[in-house]
Amino acid sequence: MPTSFPRARRDLIRRQLLAWYRSAQRDLPWRRTRDPYRIWLSETMLQQTRVDSVIPYYERFLERFPDVQALALADEQDVLRAWSGLGYYARARNLKRAAECIVRDHAGELPRAAEQLAALPGVGPYTVGAIRSIAFGERAAVVDGNVARVLSRLLAAPELAPAHLWRIAEELVPRAAPDQFNQALMELGALLCVPRSPACPRCPLSGCCAAYATGRPEDYPAPLPKPKPREVEAISGLLERGNGRQRALLLLRRPSKGLLGGLWELPSVAGDRPEALLASLHERTGLRARAQGELGRVRHIFSHRALTLRVVRLSRPSGRLRPGSDARWCSPSELQGLPLSALMKKTLRLAKY
DNA sequence: AATTCGGGGGT
DNA sequence: ACCCCAGAATT
């Protein structure tokens, strides 16, 4: 039997929530526009990423790529560079591909129809609803982590399936101001109805919240079983050529799919054996080198992997860089122009770059 | 249905 | 330490 809200309760929730949002909402950059491109960009950056982390990236990205056309014409490496440090780099690659689709198939304007939006790479159910409601004012629902938590608490239902959450959210979103309502629901989850120690006394919905009535709102929703990150080891080599003004460092580009796809890194290989690193270096670039001492170790936690990266100095490069091997010698200043992960930025700091 | 994909801020 | 975030794609 589906849990849901009677109509009177639904109207109350809408009114209370919208009234609260009018006075409590944060002044965020993407709330100052209805440009579908900007809404789309903000929603993409906000996937699994906190507001405070996104803001500077959002501003810089728009300076660099002010509209769909600019993004469609851009070089993917430049897009990745603008994303460098934000994480989940498939978002950036998909965003750029989607911009090309929008120029080619939709005359450069984001489509309004759910099916056409969902066909764009990187645009899933949440982003479809967000663009349709916020940019176009359509009555479309959103379910993100915030909404799931708020609904779970309002109903004191610890384990609502996604399909059920979507049905509830679709019933709840009003025709009148779906953009304000959806953002209000998420803002409530972000500011008051937070995972732990929710601010129920300040919540406009505490009067009709079943979880609040139980006295233990933080018990909802039920926590997901958390697989802890698997420990992995890798080794990277710092290989320099020349000195002074001529000084250059060897960087390799990762394959465009998978972890940190398309980003640049020091020559690296799984494990901790310098011999394996040298063999991999030769296979990938045609270069040979000698292994010197260890520079240090970098510890980096991804959500699903805990990496210990051993960094060794390499020396005496010989041979010629094979053309088309996605490798290049970079001066320290050229380094700033490459898309790098937070891990590699950390690693390069260790190596005084 | 599970797993893969980053990074960081709050507690 | 642990949690989890304005999720989507892949397997």
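Predicted model only: the values in this text are computed from it and were never measured. Proteins get letters first, then strands, A, B, ... in listed order; numbering begins at 1 in each.
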To the nearest angstrom, how far is [X] atom [atom1] from [N] atom [atom2]?
{"X": "A:R97", "N": "C:dA8", "atom1": "CZ", "atom2": "C1'", "value": "12 Å"}
{"X": "A:L117", "N": "C:dG7", "atom1": "CG", "atom2": "P", "value": "17 Å"}
{"X": "A:E231", "N": "C:dA1", "atom1": "CD", "atom2": "P", "value": "12 Å"}
{"X": "A:N146", "N": "C:dC3", "atom1": "CG", "atom2": "P", "value": "18 Å"}
{"X": "A:K228", "N": "C:dC2", "atom1": "NZ", "atom2": "P", "value": "8 Å"}
{"X": "A:Y126", "N": "C:dA6", "atom1": "OH", "atom2": "P", "value": "9 Å"}
{"X": "A:E43", "N": "C:dC5", "atom1": "CD", "atom2": "P", "value": "15 Å"}
{"X": "A:L46", "N": "C:dA6", "atom1": "CG", "atom2": "C1'", "value": "5 Å"}

Query raised in the report: Counting only side-chain N and O atoms of A:R149, is one of them less than 4.0 Å from OP1 or OP2 of C:dC4?
Result: no
Query raised in the report: Is there a side-chain polar atom (N or O) of A:K226 under 4.0 Å from OP1 or OP2 of C:dC3?
Result: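 Yes, A:K226 has a side-chain N/O under 4.0 Å of OP1/OP2 on C:dC3.
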What's [X] touching, base or sugar-phosphate or nothing? Going by heavy atoms closer than 4.0 Å.
{"X": "A:P125", "answer": "sugar-phosphate"}
{"X": "A:V123", "answer": "sugar-phosphate"}
{"X": "A:P121", "answer": "sugar-phosphate"}
{"X": "A:W30", "answer": "base"}

Report summary line: Residue pairs passing the side chain to side chain donor-acceptor pair (under 3.5 Å) test with at least one member in residues 182-201 of chain A, sequence neighbours excluded, are A:R26-A:E187, A:R31-A:Q183, A:R31-A:E187, A:S133-A:N182
Query raised in the report: Which value, in whole Å, describes the distance between the P atoms of nucleotides B:dT11 and C:dA6?
Result: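 These two P atoms come out 13 Å apart once rounded.
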Requested in this report: For C:dC4 versus B:dG6, give the span between their C1' atoms, rounded off to a whole number of Å.
Outcome: 13 Å
**Report entry** A:H282 side chain near A:L278 side chain, heavy-atom distance below 4.5 Å
**Finding:**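 No, their side chains stay 4.5 Å or more apart.
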Query raised in the report: Tell me, do A:F181 and A:R14 make a side-chain contact under 4.5 Å, heavy atoms counted?
Result: yes
Requested in this report: Report, as a single string ordered 5' to 3', how protein heavy atoms within less than 4.0 Å touch nucleotides 4-11 of chain B: B base, S sugar-phosphate only, - not at all.
Outcome: SBBBBBB-
Report task. Run the salt-bridge test on A:E100 and A:K96 with the 4.0 Å N-O cut-off and return the result as yes or no. Result -> yes
Query raised in the report: Any Lys/Arg nitrogen of A:R284 or A:D326 sitting under 4.0 Å from an Asp/Glu carboxylate oxygen of the other?
Result: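 No, A:R284 and A:D326 are not salt-bridged.
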**Report entry** Selection residues 10-40 of chain A - residue pairs positive for ring pair (Phe, Tyr, Trp, His ring centres under 6.0 Å), sequence neighbours left out
**Finding:**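 Residue pairs passing ring pair (Phe, Tyr, Trp, His ring centres under 6.0 Å), neighbours aside: A:W30-A:Y58.
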Query raised in the report: Taking the inter-plane angle between the rings of A:F302 and A:H300 on a 0 to 90° scale, is it parallel (under 30°), tilted (30 to 60°) or perpendicular (over 60°)?
Result: perpendicular
**Report entry** Test: A:R247 cationic atom under 6.0 Å from A:Y353 six-membered ring centre, within 45° of axis
**Finding:**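 Here A:R247 passes the 6.0 Å and 45° test against A:Y353.
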Donor-acceptor contacts, no H, no angles, side chain residues 305-315 of chain A, under 3.5 Å, sequence neighbours left out:
from	atom 1	to	atom 2	distance (Å)
A:T308	OG1	A:R299	NH1	2.9
A:R310	NE	A:E294	OE1	2.7
A:R310	NH1	A:D272	O	2.8
A:R313	NH1	A:E240	OE1	3.2

Requested in this report: Report the residue (A:P223 or A:G124) whose heavy-atom-nearest nucleotide on DNA chain C is the more 5′ of the two.
Outcome: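 Result of the comparison: A:P223.
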Query raised in the report: Can you name the residues that form a salt bridge (Lys or Arg N to Asp or Glu O under 4.0 Å) with A:R9, not counting sequence neighbours?
Result: none
Query raised in the report: For DNA chain B, what dot-bracket results from Watson-Crick or G-U pairs at under 3.5 Å, with [ ] for crossers and | for inter-strand partners?
Result: |||||.|||||
